[in-house]
Amino acid sequence: MNKNVILSCAVTGAGDTTAKSPHVPVTPKEIADSAIKAAKAGATIAHVHAREPKTGGLSHDVSLYQEIVERIRESETDVIINITSGGGGDWVPSEDDPTSGGEGTDIQTPEERHEPVGKLLPEMCTLDCGSTNFGNMLYVSPTDWLRRQAKLVQESGVKPELECFDTGHVRFANQLINEGLIDGDPLYQFCLGIPWGAAADAETLSYMKSRIPENGRWAAFGIGRMQLPIVAESVLQGGNIRVGLEDNLYLKKGQLATNEQLVDKAAGIVQSLGSDIMTPAEARKELNLLNPYGKED
């Protein structure tokens, strides 16, 4: 069992969730404020996407990311910032010409996906480790693109969180390590319950963690109603955790949640199991992260 748990809060994501809950933050101010509230509730890490302020849809605008990061860093609340680098991977075949992308397709090159990370230098960023069926859409991350992206992250000094939506992604993450593209002790995130990736259950989690190297650290999350059960299962199996409105909108059946409520609930589960939540300062040392404040924690 993990006695010192890193708790991430994925505060907004990029999915079509804003119409389903008024608590999903959209503007840079809302996203930053939600990250700060989550940190005050006990989150170690804030995982952030940017949204187009007028529509609530996915945005790749680096200036929006910059505003989010600056607002968080200028606040008096410490939290590790983890920026997504998985945007621009959505592929929906055109009905008229299946060799072309149809409505909903949004593809970026590795260099474009890395731009917010390279410019803003957060402590952490995600690195999605493969392609997958994502509902009716295909999320596209070809292996040679991922090698290029991993190299860019490595050169930036930012810690990559190796996002694994299926078992083959764990294999490729290990390959990136073997090729020298990941520095230090690797950190994996097992993303469970996405249709149609790895299942959100104890057996799948146990298998995925069994395939990482001895010096690997890991976290896991489940989506929807499996978010809080996977919190408990991850801690019991020795891992770290993630909650937040990117992955789940409800505190319980019929009750919409805020990010800080989900963090508070997860922290309570961790503490009920006899474990503690790491502070950002403790996690920076544990994960050997850049310190954006230019001083020792």
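If you read the sequence from its start, that first residue is 1, and numbering goes on from there.
Separation of atoms NZ (K252) and NZ (K265) is listed at 7.5 Å; rounding is to 0.5 Å. Rounded to the nearest 0.5 Å, atoms OG1 (T279) and NZ (K285) are 8.5 Å apart. Between the CZ atom of R242 and the CG atom of L262 there is a distance of 12.0 Å, given to the nearest 0.5 Å. Summarising the geometry, atom CD1 belonging to I31 is positioned 12.0 Å from atom CD1 belonging to I36; distances are rounded to the nearest 0.5 Å.
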query: Are Q189 and T126 close enough, and set up right, to give a side-chain contact (heavy atoms from CB on, under 4.5 Å), and what steps lead you there?
result: CA-CA 9 Å; Q189 177 75 263; T126 58; over 6 Å; no

Steps toward side-chain contact (heavy atoms from CB on, under 4.5 Å) verdict (R51, L58): CA-CA 5 Å; R51 289 182 180 266; L58 168 68; over 6 Å; no

- request: Test side-chain contact (heavy atoms from CB on, under 4.5 Å) on D144 and R147 and set out the steps.
  value: CA-CA 5 Å; D144 283 348; R147 288 183 171 96; 3.1 Å; yes

message: Is there a side-chain contact (heavy atoms from CB on, under 4.5 Å) between T84 and V48? Walk through the geometry before answering.
response: CA-CA 6 Å; T84 184; V48 298; over 6 Å; no

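Closest of all the heavy-atom pairs between V158 and C125 is CG1-N, 3.6 Å. The two residues T204 and A198 make their nearest non-hydrogen contact at CG2-CB, 3.8 Å. What you find for A200 and I230 is that their closest heavy atoms are C-CD1, 4.1 Å. The minimum heavy-atom distance between C129 and L162, with the atom names listed, is SG-CB, 3.9 Å. Nearest heavy atoms, A10 versus D247: CB-OD2, 4.1 Å. For the pair I68 and A32, the tightest heavy-atom approach, listed with the atom from each and the gap, is O-CB, 3.9 Å.
S275 contributes no side-chain N or O that, together with a main-chain N or O of N4, makes up a donor-acceptor pair within less than 3.5 Å. Of the possible polar contacts, one joining the N240 side chain to the I6 backbone as a donor-acceptor pair under 3.5 Å is found. No donor-acceptor pair closer than 3.5 Å links the side chain of S156 to the backbone N or O of G118. Formation of a donor-acceptor pair under 3.5 Å by the D90 side chain with backbone atoms of T105 is not found in this model. When atom types are taken as modelled, the side chain of S206 and the backbone of E203 share no donor-acceptor pair closer than 3.5 angstrom. Between the side chain of T132 and the main chain of F134, no donor-acceptor pair closer than 3.5 Å is present. When atom types are taken as modelled, the side chain of R148 and the backbone of P110 share no donor-acceptor pair closer than 3.5 angstrom. The backbone N or O of V62 lies less than 3.5 Å from no partner atom in the side chain of K119, so there is not a single donor-acceptor pair. Side chain of T17 to main chain of K20: no donor-acceptor pair is present (N/O by atom type, distance under 3.5 Å, no hydrogens or angles). Panel note: side chain E115, backbone E112; no donor-acceptor pair is recorded below 3.5 Å.
At a cut-off of 3.5 Å, with distance as the only test, a side-chain donor of D128 or Y139 sits close to an acceptor on the other residue. Checking N82 against E161 by side-chain atom types alone, a donor-acceptor pair falls below 3.5 Å. Side-chain contact of T12 with E246: a donor-acceptor pair under 3.5 Å is absent, judged by distance alone. Inspection of the S59 and D61 side chains reveals no N or O donor paired with an N or O acceptor under 3.5 Å.
Within the 4.5 Å cutoff, no side-chain heavy atoms of E282 are placed close to those of T44. Y250 is not listed as a side-chain neighbour of L228, based on a closest heavy-atom distance of 4.5 Å or more. For the pair L127/L146, a side-chain contact is recorded, criterion being any heavy-atom separation below 4.5 Å from C-beta on. At a threshold of 4.5 Å between non-hydrogen side-chain atoms, the residues I72 and V79 count as touching.
Evaluation of the side-chain hydrogen bond (donor to acceptor under 3.5 Å, both in side chains) test over residues 219-236, restricted to residues two or more places apart or in two chains, returns Q227-N248, E233-Q237. The salt bridge (Lys or Arg N to Asp or Glu O under 4.0 Å) pairs that include a residue from residues 21-42 are K29-D33, where partners are two or more places apart or lie in different chains. Residue pairs meeting the ring-ring contact (aromatic ring centres under 6.0 Å, His included) criterion with at least one member in residues 13-55, sequence neighbours excluded, are H47-H49.
Applying the 4.5 Å side-chain rule to ILVMFWY residues, one finds W91, I107, L138, W145 in the same cluster as V140. Taking Ile, Leu, Val, Met, Phe, Trp and Tyr as members and joining any whose side-chain heavy atoms lie under 4.5 Å apart, directly or through other members, L64 forms no hydrophobic cluster with any other residue.
With a 6.0 Å radius and a threshold of 12 heavy atoms from other residues, nucleotides or ligands, E155 has its CD atom above the threshold. The neighbour count for D97 CG, taken as heavy atoms of other residues, nucleotides or ligands under 6.0 Å away, is above 12. A 6.0 Å sphere centred on CD of E103 holds no more than 12 heavy atoms belonging to other residues, nucleotides or ligands.
A salt bridge links R217 with D185: the distance from a Lys NZ or Arg NE/NH1/NH2 to an Asp or Glu carboxylate oxygen falls below 4.0 Å. A salt bridge links R71 to E67: one of the charged nitrogens lies within less than 4.0 Å of a carboxylate oxygen.
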Show which side-chain atoms of residues 167-176 pair as donor or acceptor with protein atoms under 3.5 Å away, not counting sequence neighbours.
from : atom 1 : to   : atom 2 : distance (Å)
H169 : ND1    : F165 : N      : 3.0
H169 : NE2    : S131 : O      : 2.9
N174 : OD1    : Y188 : OH     : 2.5
N174 : ND2    : V170 : O      : 3.4
N174 : ND2    : R211 : O      : 2.8
Q175 : NE2    : E179 : OE2    : 2.8

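Residues V243 and M226 fall into different hydrophobic clusters, defined by Ile, Leu, Val, Met, Phe, Trp and Tyr side chains chained together at heavy-atom separations under 4.5 Å.
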